[in-house]
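The structure appears below as structure tokens.
Values below: all heavy atoms of this structure, side chains included; hydrogens, waters and symmetry mates excluded. Just so it is clear: chains get the letters A, B, ... in the order the sequence lines come, proteins before strands, and each one is counted from 1. These numbers come from a predicted model, not from an experiment.
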Protein chains: 2
Amino acid sequence: MGQLEDMKVFIRVVEAGGINRAADQLSLAKSAVSRRLVNLETRLGVRLLNRTTRTSSLTEEGQSYYERVIKVVDDIAEINTLTADSNTSLEGTINLAAPLSFGLCHLSNAIDAFMKQHPELTINIDFSDRKVDLVEEGLDLAFRIANLKDSSLIARKISDIKHILCASPDYLKEHGTPKTPSDLKNHRLLHYNLSGTSIWKFIDNKGKQHSINVSAKIIANNGDYLKDMAVAGHGIVFSPTFISWKAIAAGDLVPILSDYKLPQLKAYAVYPQTRYLSQRTRVLIDFLVERFGDNPCWDQNIIY
Amino acid sequence: MGQLEDMKVFIRVVEAGGINRAADQLSLAKSAVSRRLVNLETRLGVRLLNRTTRTSSLTEEGQSYYERVIKVVDDIAEINTLTADSNTSLEGTINLAAPLSFGLCHLSNAIDAFMKQHPELTINIDFSDRKVDLVEEGLDLAFRIANLKDSSLIARKISDIKHILCASPDYLKEHGTPKTPSDLKNHRLLHYNLSGTSIWKFIDNKGKQHSINVSAKIIANNGDYLKDMAVAGHGIVFSPTFISWKAIAAGDLVPILSDYKLPQLKAYAVYPQTRYLSQRTRVLIDFLVERFGDNPCWDQNIIY
DNA sequence: TTCATTGTTCACAAATTGAGAACTATAAAA
DNA sequence: TTTTATAGTTCTCAATTTGTGAACAATGAA
């Protein structure tokens, strides 16, 4: 008994690339996963996975079984959400990944509010700036701050992410306030090295683009740290407003080059390309879009 | 746990028209069926069946859930048979219905042979000449002797069914042997009243059709009984050869009007219009087609 | 009204499931 | 080559789920 559950376990094993990892992702003992697989294989009378002690690979039958089964499981998920009463409180687990700074600053509050609306839900968050593979890690949802062009993933915009150039008043008093992007060459710059580029781009009020190659004094993979360094007077930081807004509101940081436009990014909720999103995930995304939207709290009441 | 099993139980409840009957057909306690339904409904948060103590009717949600779920369950059955190793011995239960005479005379031997090939199988036969509703009674298969024109059922021809007119030598000695169909009007006729008509049709060797209206001396709903009555000299019977062949071979009955052709019927295996037949059912049908075919044992070595 | 039948609920027994440890096997490292 | 680390299997035990059958409640029919 439990055909469907066996199928789901099998799918997870295939996508996680092994029984151990699948067991982790499913929060199951590996013995249980192993047994479900054996059950499935004996019921079908077919070997689905060739497993050595080190690697698991699909057999030919396993491959075609996987392709068929994934569709059906998807169909059932669809049927469930279609006929499930949307008024009942959600339950189950949402596994998600979020970037460190954005996650801790803003997502955590939002999810706290969401959990109060749906106390039966379990949320499992992986805060990290590394690139996560949704399918392989069995996640329902991840947040990306980017200009998405890819991919096999489906994305929904959660919010605009603005950037701003700023420094502490002390620093500006000592080193002067730059008036043009090229002035930055004579300043101490603080750079976020996960942005994928070491070039800062500006567009002036005539629409002309200016670029400078950043040779930074402090380089880090954490925007909060860079912001703190800027507050401490270590130089000029190119910072997303969701990180620096409080320091700016408090006067600890002063925006500079405000007449220039900086490239905008967007925060996305991305999820795997299953045809149908589970209801709980969809409701969470709706909640976040509603909460952040085009005018998120950190960009309100502030004129940069 | 056991989502798929819940769905299957739900389907059976809908098609059987109630929890009690579904429990019978599934060989489950009705309490178990009831609980599975409750589970399903609480999981979905939706009432699927409006059940009073006397009737069960689908709610609107139940209706659409049923339609969706039946497709998916069908898909899974297909996947299973597609990937299941066809060399493994079959298991599970086949529920089937068969007409009384044909079933007892011929099917029983065939199924005996089939069971020896597949000892893990369970076969559940309902011998009866009443009209069975495959879906409502949860049958996998039924046999019909007819000239099928309907229906929502899918049918596969198992064998030709020939008919023959015959009587005992004693009877013929006493009453004379008819030479034309119209001669029958002066004879004692034995009639099978489930044939749906009381007209016997003949085609002579020039292709011309003759009909006579049967006013029979003995009427019964059992072909074996009529054959036995004919052997005992009670008159002329219009009998399928699968019933009368032995008596003819033994000389207890003598074919008459052999130059006339009688209407032929066919034996069919019919099964519900699910897109995919379970492997065990399909294998049984193949076996029977192979065994009977166009020249079944009872029509061999006999010239009528 | 009474009766027959259907579905629900309950307590208990049986079966299934998961956890965790011990064990086996093998690829990679030394 | 030997050693080591890791992936998968198997085992036992506890927890959960499932099925059973009886008692119960509800309702349409006589």
| field | N-O pairing of B:K71 and B:D75 below 4.0 Å | value |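 No, no charged N to carboxylate O under 4.0 Å.
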
| message | Could you check whether B:R12 pairs with B:E5 (Lys NZ or Arg NE/NH1/NH2 to Asp/Glu carboxylate O, under 4.0 Å)? | response |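 The answer is no: the pair does not qualify as a salt bridge.
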
| Among D:dT18, D:dG8, C:dG7, the one nearest B:I19 by side-chain distance |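 Of D:dT18, D:dG8, C:dG7, C:dG7 is nearest to the side chain of B:I19.
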
| message | Would you call the rings of A:F102 and A:F292 parallel, tilted or perpendicular, taking 30° and 60° as the class edges? | response |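 A:F102 vs A:F292 ring planes: tilted.
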
Ignoring backbone atoms, test whether [X] places a side-chain nitrogen or oxygen under 4.0 Å from the OP1 or OP2 oxygen of [N].
{"X": "A:R51", "N": "C:dA25", "result": "no"}
{"X": "A:R36", "N": "C:dT16", "result": "no"}
{"X": "B:S34", "N": "C:dT8", "result": "yes"}

| said: Strictly distance-based, threshold 3.5 Å: is any side-chain N or O of A:E67 a donor or acceptor partner for the main-chain N or O of A:G62? | reply: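 Answer holds: no.
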
| said: Expressed as a whole number of angstroms, how long is the span from B:N50:CG to C:dT6:C1'? | reply: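 Those two atoms, CG and C1', are 15 Å apart.
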
| query | Between B:K30 (NZ) and D:dT20 (P), how many Å, whole number? | reply |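 Value for this atom pair: 13 Å.
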
| query | Does the D:dG21 base have a donor-acceptor partner in the side chain of B:S31 within less than 3.5 Å? | reply |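 Answer is yes: a donor-acceptor pair is held.
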
| Residue closer to the 5' end of DNA chain C, B:N20 versus B:R35 (nearest nucleotide) |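 Mapping each residue to its closest nucleotide by heavy atoms, the 5'-most match is B:N20.
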
